Structures are given as C-alpha cells and as structure tokens.
Amino acid sequence: MDSKYQPGLFEENIYREWEKKGLFSAKVGKPFTILMPPPNANASLHAGHGMYTIEDILIRYKRLMGFASLWVPGTDHAGFETQFVYEKHLAKQGKSRFNFNRQELYDNIYQFVKDNSGLIYSQFKKLGFLADWERSVFTLDKHVLETVIQTFVKMEKEGYIYKDEYIVNYCPHCGTSLSELESVHVERKDPLYYLKYGPFTLATVRPETKFGDTAIAVHPKDKRYKKWVGQTVEVTGLLGKFNIKVIADTMVDMKFGTGVVKITPAHDPNDFEAGKRHNLEIKKIINIDGRLNELTGPYVGLKVKVAREKIVADLKAKGLIEKIDNEYTHAVTVCYKCGRDLEPTIIPNWFIKVEGLKKPVIKIIEDEKIKFYPKRYKKQVLQWLKVMHDWPISRQIAWGIRIPVWYRINGNEDKIWLSFINKKGEFKKGGTIAQFLSEGHSLDEIKLGLQQITVPLYKEEKVDYVVSVNEPEDGRDWIQETDTFDTWFSSGQWPLVTLKEEEYKTRFPTDVMGTLSDILPFWVSRMIMFSLYQKKQIPFKDVYLWSKVVDSKGQKMSKSKGNVINPIDLVNKYGADAFRASLIFGIGTGGNVPLGEEKVTGMRNFVNKVWNVGRFIKMNRTSVISNPSISLRTGSMRNPANEVSVNKRDNASLDFSLLARNDKLNRLNKELKITKKKYIKFMDSYQFSKALGLVYEFLWHRLADFYIWKVFKGDKHSILEVGFGSELGE
RNA sequence: GGAUCCGUAGCUCAGUUGGCUAGAGCGUUACAUUGACAUUGUAAAGGCCACAGGUUCAAGUCCUGUCGGAUCCACCA
C-alpha cells in the first residue's frame, strides 16, 4: 500500500463497482426520498452545484441507517436563461433570433441543449453522487408537458388563470416580460428635470414619457394646488397645446420636487395603479421594441434614451425646462440577466390569481407542517408570500412550454398582431393578419414562419380563444399563442412529475428539499403551492437551504474577478472526498460557504490520515496473521483510568502502559459509542458541519493521535479488535 | 421606509436552553523524526468576544441603545 492516498486510482473504479452492484436505485424498506433540484440542462458544473453534496450525504446516511433511500435527478430546460445563452451563441455567428421562425428557434435550442447535456451528470458522478441516474427527468419530457398543461387547463377551468393587459417589466433587449422577481433594483444618478407644465412645474426623470400623460396629480392635502383639483388645465407641450385633468391622490409626496406629478399609466407601475383608481385613459407611446410610436410625432422610431436627449434639447429650446437637478439618485429597475433598463409597459400576459392559492401555503408554513432549516427562512418565506401578488406566467420567448391556447383567426384578422419569416426567409415585422393577407401572404405561410403573435385585449370585443393542446377541429382557422410558460411554472411542478405513480402513495411527501436559499421564493414556495393545489399534500417535510459558495475571502465568484473555482479541477487534484468535505467542514448555518484551495488541501490531509489509519491496521493485521502466537489476554476493569474523558488533557497524566488490553479497548469502544450517538443527533438535525467535525476530531485526534499512538503504543494488535461502524462514512 | 442576519485569533468561521481556563481549520513560531502518515507529531504565540449601558450569583450568549457590514421586501415622479 502506498503511504499516500491517491484518489485518482480508486474513485472511478469504486463508482463503477457501485454501478455494477446497482447501488443507485432504491432498495426495499422504509422510504427516504429526495428530489434533486434540476440544474439547467445545458449547464456545466460550478462550485455551487457542489452543495448537492448535502443531499448525497443524506441519501447515503439514510441508506446506511437502513432506509430505502432514493434520489431522483433531473434537468431543467430553464427557458429564459437558456435562450439568453443561446442568443449569445447566435450573436457570435452574427445572427439573432430574428433570423428564425418560432419552430426553428425552438428546434435549434433543443439541439443546442442536447449537445451540452449529459456533461453535468458525468460531473456529478465524479463527485460520487448516489442518485438514480436512470430515472432522470427533463422538464420537457412528454409526461412533464402533460402534467404542466393539465395544471394550466385545470386552473383555467377553475378561474385561477386570466389574461390581462397589465403593466409588466419588459426587457426590450431580451424581448420578454419579466416577473417582479426577475427585476433588480439598482441605485443610479440621473438628471431630474423640472418641466413647465401649464400652470405647474413638475419634476421627472423621464420627460420622454410625457406624450403618454393622461393626468396631473397632487396630494389632496396640498394647499398650494387645492384649487386646481378636478379642473382641466391647458398645457403647452412639444406637440402643441393639450388639455389635461388634475387629480388628487395620496400617492403624491408633497415634499418631493414641486409636489406635482404627471401620470403616465402606460409606462409606470404606480401611474398604472393611479390610472385604475381614477379611471384614466391609458396612452401607450413606447412600443415593445423600446422605441417611441407614432403618437410622439417627430420622435417616432427613436429608442427611449435617444428620444430623451432629443426631447430635453427641444424642451430647453422652447424654454419649457425650468431647471435640472443632476445630483438626483433613485432606484432603477433593470433586467437581472442583461442588466439593461426595463421598460414598464402594457402587454397582454397570462396571469395566475395567487390570492386563493397562496393562503393554504401560508397556513402550512405557519403551522410548521413544513419546516425550514435554518429557521429564519420561515419568516422570509412568509413575508414574501404575504406581499406576493398575481404571477405573470407568460414569457415572450420560444424556448419553453408553449401555452396551450388557440385564438380564433376568423373575424379577428385585424386584431391579431404577429411577426413571421416569409417564404423568402425575410423577417416580417409586426402587423395584423389582415395586413399580411392583403400583401399576398397566405395563412399557411404565416403560420409556418410564425415568430411571435400578440393578441391584445379589447374591452368590448375580445378575441375568443380555447384552451387546448391541439388545434380545434371545427373547420375554422386558429392560431396558437406563441408565449411560453415561465420556467418556474413548470419547475414549480417538479414534485408532481418526478415520482412514479405508485410512489406517490409511499414516498410522498418527500423527505427533504435541499436547495440554494436564493430560489426560495421562485421555486420552493411555488412547489408547495402547486403540490397543495394538485395533490392536496405538501411536497416535502423539510426544507434545507444552503447559501452561495464564495471564494476563501468571502467574495462572490465571478469571471471578471477571476476567482472562479472549477470543482472538477479540485476533484482531479485532491479527490472527491476532500472536495466534498471542504464544502461541509466548518460551515455555519448562516451565511456563505467559503471555498478555497487551502481548505481542500486541509481536507485532503484528513482523507490521507484516514487512509493511513487503514494502512496501519492492514499492516498489523498481516503481522498478526503471519504470527499466530499473538493472542489477546483478558484484564481488569477496575483501573481508574477507565473513566472515559474526551478531554485530551485529562488523559495526559495517565500511564496507559499499565492498562490491560481489554481496558484500553473498552475505553475506545465507549468513546466511539458516545461519538456515534452525537453524530446521529447532528445528522438527524441537519448539522452536517458538526457531524463532520466530530468524525474529524475522533478519527484524527482521538483514534490516530491518542489511542493508536499513546494508549496502544507497543500493543498495536489490539486496535484490530475495535469495531468501527461504517455509519461514520461521511 | 419594513424585516432578517452578522461584528469572536492574522484570515474563514464554530460557540446548543446564560455556567469551569472562549474553540477549530488555514496561517505564524519552536522543537521532534529509522515508528502508518512531513499530506506527520508535540507544543507555543495570538482575543477588552464591535462599543456603551442594563438584567443576573454569573453575559461571547438575554434586553436597550450606538457604530459598522450583509441580505430580503416595499418604494423612490
């Protein structure tokens, strides 16, 4: 045996051996089940995935404790994320999504994902994960689609789904609307313009939206402006004179600016709400491509930022700007993916009415039917659930599960807007079906090259639709919604699609959901919601949340900082055990998980120590076998040194050579027993770091340094008699 | 603005319902070495436990306040 443990020589073989023995599938017995949080199908392993080790530890621990543990893996199509990556890939080839129709884009991404998938599983295997790989589920698998669509159909029938023109944050660059959770607020300094506005002066950072103003608001208690409330005033603007109503609303902060606000319901969430309260007209002046539309006169076609500069210059020229405050800082909403400014805009979106669905979730969490570890996340989830409002589930991207809704074309030709790639491969941008038909395109051509449709909701005359997987066959023409479901709509149903039918009787609710704390609101709360809705059961009993893996200085890993650690490199260099242990050892329940190469080498040393303990035992065993004259003697139990103390110092003064062999063994066995008990207590309460610390201390500083080296010095064969439970494995 | 968490050794962090001399890993220093392991062993140095009050026989731990940091939610015309 080598004096150094070389993981590279063993790991792969051991894993193959496990595969041969079929250790990955569940055995018969008391069930213990974990559903693996599905990584993106096209992802490769990053340090954060290393934390799945926690689930692997639980799976192995439970199996060694006699449970039929099952870990079901899977991958997520990760709609928006993946399309974003793919579009970057396209950009490198000088292409964009506008070169493809919907189906082509979908097919291409499918191929792209397929080419990249499988990588992460081979990496998981390198980490030694004991998941049942053959059962892997992909969120676009047939049975998943069926379930997801069935949920939508059921919700629609029961009135939980509605379509509405609602103000959503739209990313003109990524071409989709985003949920509130996908929007990030950043502090920024922007000029605050004081505009002359009829009899008023008002402050705004977005003068370009003034064309969409449909009211002016003041605070009801503001004496300065009281006389104007309810009046219509005349304002001179860039496009000439217009009349506008003055309303009173408590949303106005009297102390801010001049205490007067312009209301632009179509392009500001607050104004949208105010518009609803006061029944204001919604005047849309920015199209979803982020350009001003024909209602803005000479500014039509300009992008928001360009338009703003031009408008400010023109306002200045007309003497309509009173002053500019260049020191104004405010929060801007940006896309979490591309970082560009989001445009609050009104587009038709599908929503889930959350009110009735979230109530049982809140109840379950308050009653602790589902427990959170660490505890503090309970409060966070509850707080988040309480403020949660309706969830927009449609995304204007191709990569995802297409919403099973069909719009009737006949009679609605002038209401359905779409873009498509025509026969010649040309991109035909936004127009109505009627318009394209009159240009000589056939309906089939349009449908074939379809890229995206937008079906606005008119108050009186709604475009009728049916919810159906396939095109209705009634002789009329229908066209399917091009929007896809928000990824979290499908991954939120993960617990409903991962088990086999019969397992829902025995393995549901599953035991633990372990995941990154960041996605608690996106994912965990929604899984609970869907599970309660569809199965009337909680999906899991416990939720264990870990934090981000950061570098050894506590800095977030990022490419620009150059501090990204590739887990596979570490595994190749130091072994999977060392890497895994470094993510567990000395980690508190609180914050981030610091990972540095020093830490891994430290753990490698520990692994090596264990190796050498084994090596020592093996060497002595062969000497026992080769020398049969060595046998055990019995001894007295009455020696005072038998009082077991875990404290090293307490034992320092004792002379162990006086102890009989049996006494030594008893001491060791007793300590092992105590350690085991503690270990089990820690494991059962998800205190992995403490459990590992215990094993570390026992194997190294107690067994190796103390027992082998001091107590059994010169009497090494006795150590062979100690029974070591394999439960101490991890 | 609302909430949560954190300030403990040079660094990263433990410290259970208050209770003996406040711990670990890495780092530092000295010594040891034919011994299973130099990926080792034995030891040492290094702490006003952020600060100020309070409760208590007893506070790193509980309470109040101050300062500093992180995160979540809401909002910022």
Side-chain angles (χ1 to χ4, degrees), chain A residues 1-6 180-181 185 187-188 190 192-195 202-207 209-210 213 216-217 251-253 256-264 267-271 274 328-333 374-388 517-518 520-521 547-548 550-554 574 578 581-582 585-620 648-649 652 681-682 685 687 689-690 693 696-697 700-701 704-705 708-710 713-714 716 719:
Chain A
M1 258 172 108
D2 204 311
S3 70
K4 285 173 190 159
Y5 172 55
Q6 291 173 276
E180 287 159 51
L181 287 166
H185 301 281
E187 291 265 311
R188 201 169 65 195
D190 275 316
L192 181 64
Y193 305 95
Y194 284 76
L195 308 183
L202 54 76
T204 181
V205 285
R206 299 203 58 185
T209 61
K210 66 179 300 203
D213 297 350
I216 294 173
M251 72 177 268
V252 181
D253 178 358
F256 185 90
T258 56
V260 185
V261 189
K262 66 193 202 61
I263 302 290
T264 323
H267 299 290
D268 183 280
N270 280 316
D271 294 1
Y328 177 62
T329 44
H330 65 147
V332 188
T333 312
K375 262 193 204 142
R376 67 189 140 95
Y377 286 109
K378 177 185 163 184
K379 279 187 187 166
Q380 230 183 74
V381 171
L382 284 174
Q383 188 208 359
W384 188 81
L385 281 165
K386 276 169 192 161
V387 300
M388 177 190 198
S517 58
D518 283 23
L520 184 61
S547 303
K548 256 199 291 292
V550 294
D551 75 5
S552 55
K553 286 178 192 136
Y574 303 109
S582 69
F585 192 77
I587 303 299
T589 48
N592 297 333
V593 180
L595 172 67
E597 189 148 347
E598 324 84 65
K599 182 116 186 253
V600 186
T601 57
M603 289 299 111
R604 186 268 322 263
N605 294 353
F606 171 58
V607 172
N608 191 58
K609 190 74 187 181
V610 176
W611 168 265
N612 273 294
V613 168
R615 178 164 168 247
F616 173 84
I617 290 172
K618 196 177 169 194
M619 285 170 90
N620 283 289
K648 239 188 263 184
R649 283 169 197 140
K681 198 185 109 198
F682 285 144
S685 54
Q687 302 188 69
S689 177
K690 283 181 181 171
Y696 181 96
E697 176 68 20
W700 196 329
H701 300 300
D705 292 348
I708 293 184
W709 197 238
K710 282 191 101 168
K713 195 169 184 179
K716 288 168 202 153
I719 202 86

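First the proteins, then the strands, lettered A, B, ... as listed; each starts at 1. Note that this is a predicted model, so its numbers are computed, not measured.
- Annotation: B:G47 and B:C51 have their C1' atoms spaced 16 Å apart (nearest Å).
- Contact annotation for A:Y328: backbone-only contact, meaning every heavy-atom pair under 4.0 Å involves sugar-phosphate atoms and none involves a base.
- Nearer the 5' end of RNA chain B, as judged by each residue's closest nucleotide, is the contact made by A:F585, out of A:F585 and A:N612.
- Note on A:N592: every side-chain N or O is 4.0 Å or more away from OP1 and OP2 of B:A70.
- With contacts defined as side-chain heavy-atom distances shorter than 4.5 Å, the pair A:D271/A:D213 does not qualify.
- A:Y696 comes within 4.0 angstrom of sugar-phosphate atoms only, judged by non-hydrogen atoms across all strands, and of no base.
- Using a 4.0 Å heavy-atom distance criterion, A:K609 is classed as a base contact.
- With hydrogens and angles left out, the side chain of A:R604 and the base of B:U39 share a donor-acceptor pair within 3.5 Å.
- Among the heavy atoms of the strands lying under 4.0 Å from A:D253 is at least one base atom, whether or not backbone atoms are also near.
- Ring geometry for A:W700 versus A:F606: interplanar angle under 30°, hence parallel rather than tilted (30 to 60°).
- For A:K548, the NZ atom sits in a loose shell: 12 or fewer heavy atoms of surrounding residues, nucleotides or ligands are nearer than 6.0 Å.
- For B:G7, the paired nucleotide is B:C67, the pair qualifying as Watson-Crick or G-U wobble because both relevant distances are below 3.5 Å.
- Across A:I263 and A:A274, no two heavy atoms sit closer than the pair CD1-CB, 4.4 Å.
- A:V607 comes within 4.0 angstrom of no nucleic acid atom, judged by non-hydrogen atoms across all strands.
- Between A:K262 and A:T209, some side-chain heavy-atom pair lies under the 4.5 Å cut-off.
- Here A:G586 lies in heavy-atom contact (under 4.0 Å) with sugar-phosphate atoms only.
- If you check distances only, the side chain of A:K599 never reaches the base of B:C26 with a donor-acceptor pair under 3.5 Å.
- Under the stacking definition used here (centres under 5.5 Å, planes under 30°), the residue A:F256 qualifies as stacked on the base of B:A77.
- The 5' end of RNA chain B is approached more closely, in terms of each residue's nearest nucleotide, by A:S3 than by the other of A:G259 and A:S3.
- Within the 4.0 Å cut-off from OP1 or OP2 of B:U39, not a single side-chain nitrogen or oxygen of A:W611 is found.
- B:C48: no Watson-Crick or G-U partner with both key distances under 3.5 Å is found in any strand.
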